[in-house]
Amino acid sequence: MKFSVEKVVGGGRLGSILPAGRHENAVIETPMCTLFTKVGSAPHLGYDMLKRVSNIPDIATMSLGGLAPHHENIREFGKGLGEFTALKSNIIFTTLHDASFAITSGKNDRNGVALWGKGGKFKMDPSLYVKVQEAFRPDWFQALSDGDTDKDTGKKRLIKAVNNSLDFLDNTVQLLQKSEVLKNSSLIGAIQGGFDVEERQRSAKETSARPVHGFLIEGFEKGHSGLDLFSLESFSSLLAKTVSCLPENKPRIMETAWSPLQVLRAFKLGIDVFSSVYPYLLTQKGQALITDYTIPPKSASAELEREQSGDCLPPNSGLFIDLTNKSNFEDFRPVLPGCDCYCCSNFTRSYIHHLLNTSELLAYVLLMIHNFHQYFKFFSCLRKSAREGTLDDLQASLELQSS
Amino acid sequence: KHALSLNILAQCSTSKARACLMSLPHAQVDTPVFMPVGTQGTLKGLVPDQLRELDCKIMLGNTYHLGHRPGPELLEQAGGLHKFMSWDRALLTDSGGFQMVSLLELAHITEEGVKFKSPHNGTEMLLTPEKSIEIQNSIGADIIMQLDDVVHSSIEGERLEEAMYRTIRWLDRCIKAHQRPTEQCLFPIVQGGLNSDLRTRCAEELIKRDVGGYAIGGLSGGESKSDFWRMVTLSTDLLPDEKPRYLMGVGFAVDLVVCVALGCDMFDCVFPTRTARFGCALVKTGQLNLKNASFATDFRPIDADCPWPCCKNYTRAYLHVLANTEPAACNILTVHNVAYQLQLMRTMRKSIMEDKFPDFVQQFFNDMFPSGEFPDWAVEALASVNISLR
Ligand SMILES: [Zn+2]
Ligand SMILES: [Zn+2]
């Protein structure tokens, strides 16, 4: 994999990734997000439903927790995880943890890392880890790491997390030299250090000194904590100081569940690749992304007009709406008027409210399609805005909508 | 004029099987037909487009559920269930009575209707034949069902006789209450339990009424298969040829094949979609429980002959992993199982059109029971219509 920065705008990088191996003709523009998956499948969406989503990211993230226990069967399959999960046209990026839930803490040690799936804990050391990856044949794979830290973790534990991760990495790099299968796969180093600048920078520098193709920055929370990292005073400067120790020519990845506004902030701090776990989490709550990415936001001006005309339709304020809310009962508008996704082209808020109210699976299928569509669309708007120099306007617009 | 017309295209020269074209306001339906059940105005995670791609022409909605949520007022406001759920093909709704009696412990039946305590707020409510039709008129399905007096198939004697006669009285009330006869076709239901005499009297009464088609009810409730097929064949013998016959609640593959041979045209059942939720895929040899460890290294598709192209992307081994954890598996298996049911009906229909239905039946049973140990009841039932399994 090769990454290059074309232009730096407001701290953020407009870049492109040239994947190696079987995807060598693709060019992936950053900032971008990956396709979030559960056990190797887009959440709620089988192959034929996923086809109805436009602009599906080229890279699919697959966390090992739910898949690693099946590694022997997948090895026997022999064609790798992409083919096994029916996502063979995607670049497969295996990560350790499912970004949608909190991990059970305290199960890592210097010998290995605990992964979590529906079947419970799966403990992994570097040699098992390489064996699993050889069965999965990912295009990118996150190095084994100890990311079990957060804002409350003490210095001693943070030092250990950094050291453990570096040891795992060294072990892995050594084992990989003997691996024919993984020689075209890109190892992604994991940066640790919790909320300690010193450890963060040590982790960043030490990891950069090893043969990795990119960086996954983790250890700010133990899996998905639901906390807005930007609400913590030290987070932004800490992230900037971490990133400053990383080389320019490699992509920086974060798996945090971030709204468009949070993504934009992280982009400006130098993050290139994001997860699409955020739209999944909204979907699970029966919520739909309605953030307006136009500058100035159309919905805001429309709302102003509405106020003036005295129209008393429920306002679309905020970044998302909750379709479990009774106010949708007889609302025959699409989830987001003007959205050209499959859900909005065919169904109403009233219908989706009914589906949620009756716990029907289709509610989640439709919301997942809409939320993915809107989230994926955000990244092309973000790139466009950065390219055209309207990043601050986009940020102002998102801030206005979320206030 | 009824909202339904039937054109018989072919009649099996051996058995009572037939292939027809049933014209409804929203679709031209090829019969014999299997109608998937979309209880709450959705078919278990599938979008209408997927059903169209499977060439599904008609599906079911449940009046009891839809009447409760979102309720007839909202459905009327939405322009009917078709518009509400974005389904432009045909729909059929049941009367709500069966669900009530089977789901609610407190339901009891009087001459007026089905009295029940609302499971949601505990208030006493009454579903009368008039009310059932009123709700079904709001839902707007192409075919609607009369409210019938449902009794368990093990009930005999006076109560059974009462239920049968009440069903006829309620039919007359339903016909009278029906506001949209040119847009929605009302089906009466042949009752009478496992009593040939009662069933005969019921059918004779129903055919005196001017209706567009008939349902055969009160079966598939746990009675013995030998009683079941005898009641089915008795009912199809009594009902007029020129109207469709709908056998309610039947959907196992073997039952479908036998009952098509006995002259039934329409079927519905929650089984194919429900079983998908438990990780089961229907195939011509029966069903695969994909949660079973034996599929962990089975890298074949669910069924190499499956007409649904998307199935080819998935191995049994991956579905084994997915079925144990993720809702996406349910979606994939539901589509497959509906595809299986529809394909089975299409194959049967084709064989009837070519007058090769007995050959189809033989092949079907050979595939399903490779040991040659066919169920006795099916052998008997098929023999009664001159199809002898070897
Ligand atoms: Zn949409
Ligand atoms: Zn299939």
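Please read all numbers here as calculations on a predicted model, not as lab measurements. A note on names: the letters A, B, ... follow the listed sequences, proteins ahead of strands, and every chain is numbered from 1.
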Whether B:Ser86 side chain and A:Phe347 backbone form a donor-acceptor pair below 3.5 Å
no
When heavy-atom pairs shorter than 4.5 Å are enumerated against chain A, which of B:Thr42, B:Thr297, B:Asn324 gives the highest number?
B:Thr42
Give a yes or no on whether B:Asp88 atom CG has more than 12 heavy-atom contacts from other residues, nucleotides or ligands under 6.0 Å away.
yes
B:Tyr318 side chain near A:Ser41 side chain, heavy-atom distance below 4.5 Å:
yes
The reported gap from OG1 in A:Thr85 to CG in B:Leu322 (rounded to nearest 0.5 angstrom) is 9.5 Å
Name, in order of residue number, those residues of residues 330-341 of chain B that have a heavy atom at a distance of less than 4.5 Å from a heavy atom in chain A; otherwise write 'none'.
B:Cys330, B:Asn331, B:Ile332
Need one label for B:Leu43: side chain, backbone, both or neither, based on atoms under 4.5 Å from any heavy atom in chain A.
neither
Between A:His70 and B:His320, is there a donor-acceptor pair closer than 3.5 Å when you use the side chain of the first and the backbone of the second?
no
Note: B:Glu53-A:Arg52 ion pair, threshold 4.0 Å (strictly below):
yes
Tell me if the CZ atom of B:Arg180 is crowded by more than 12 foreign heavy atoms within 6.0 Å.
yes
Shortest non-hydrogen contact from B:Ala328 to A:Leu45?
CB-N, 4.0 Å
Over 60° means perpendicular and under 30° means parallel, so classify the ring planes of A:Phe77 and B:Phe299, tilted if in between.
tilted
Side chains of B:Cys310 and A:Lys51: closer than 4.5 Å at any heavy-atom pair?
yes
If you draw a 6.0 Å radius around NZ in A:Lys88, do more than 12 non-hydrogen atoms from other residues or ligands fall strictly inside?
no
As a quick check of understanding, evaluate side-chain contact (heavy atoms from CB on, under 4.5 Å) for B:His65 and A:Thr358, giving each step before the final call.
CA-CA 9 Å; B:His65 293 282; A:Thr358 49; over 6 Å; no
Return yes when atom CZ of B:Phe34 has more than 12 non-hydrogen atoms of other residues, nucleotides or ligands closer than 6.0 Å, and no otherwise.
yes
Please classify the contact between A:Phe332 and chain B as side chain, backbone, both or neither, with a heavy-atom cut-off of under 4.5 Å.
side chain
Is there a donor-acceptor pair under 3.5 Å between the side chain of B:Arg69 and the backbone N or O of A:Asn357?
yes
Under 6.0 Å from the NZ atom of A:Lys107, do we count more than 12 heavy atoms belonging to anything else shown?
no
Under the side-chain contact (heavy atoms from CB on, under 4.5 Å) criterion, do A:Glu360 and B:Lys44 qualify, and how do the steps go?
CA-CA 7 Å; A:Glu360 282 288 344; B:Lys44 296 297 158 212; 3.1 Å; yes
Which atoms of A:Val39 are under 4.5 Å from chain B, going by heavy atoms: the side chain, the backbone, both sets, or neither?
both
Which bit of B:Glu326 comes within less than 4.5 Å of chain A, counting heavy atoms only: side chain, backbone, both or neither?
side chain
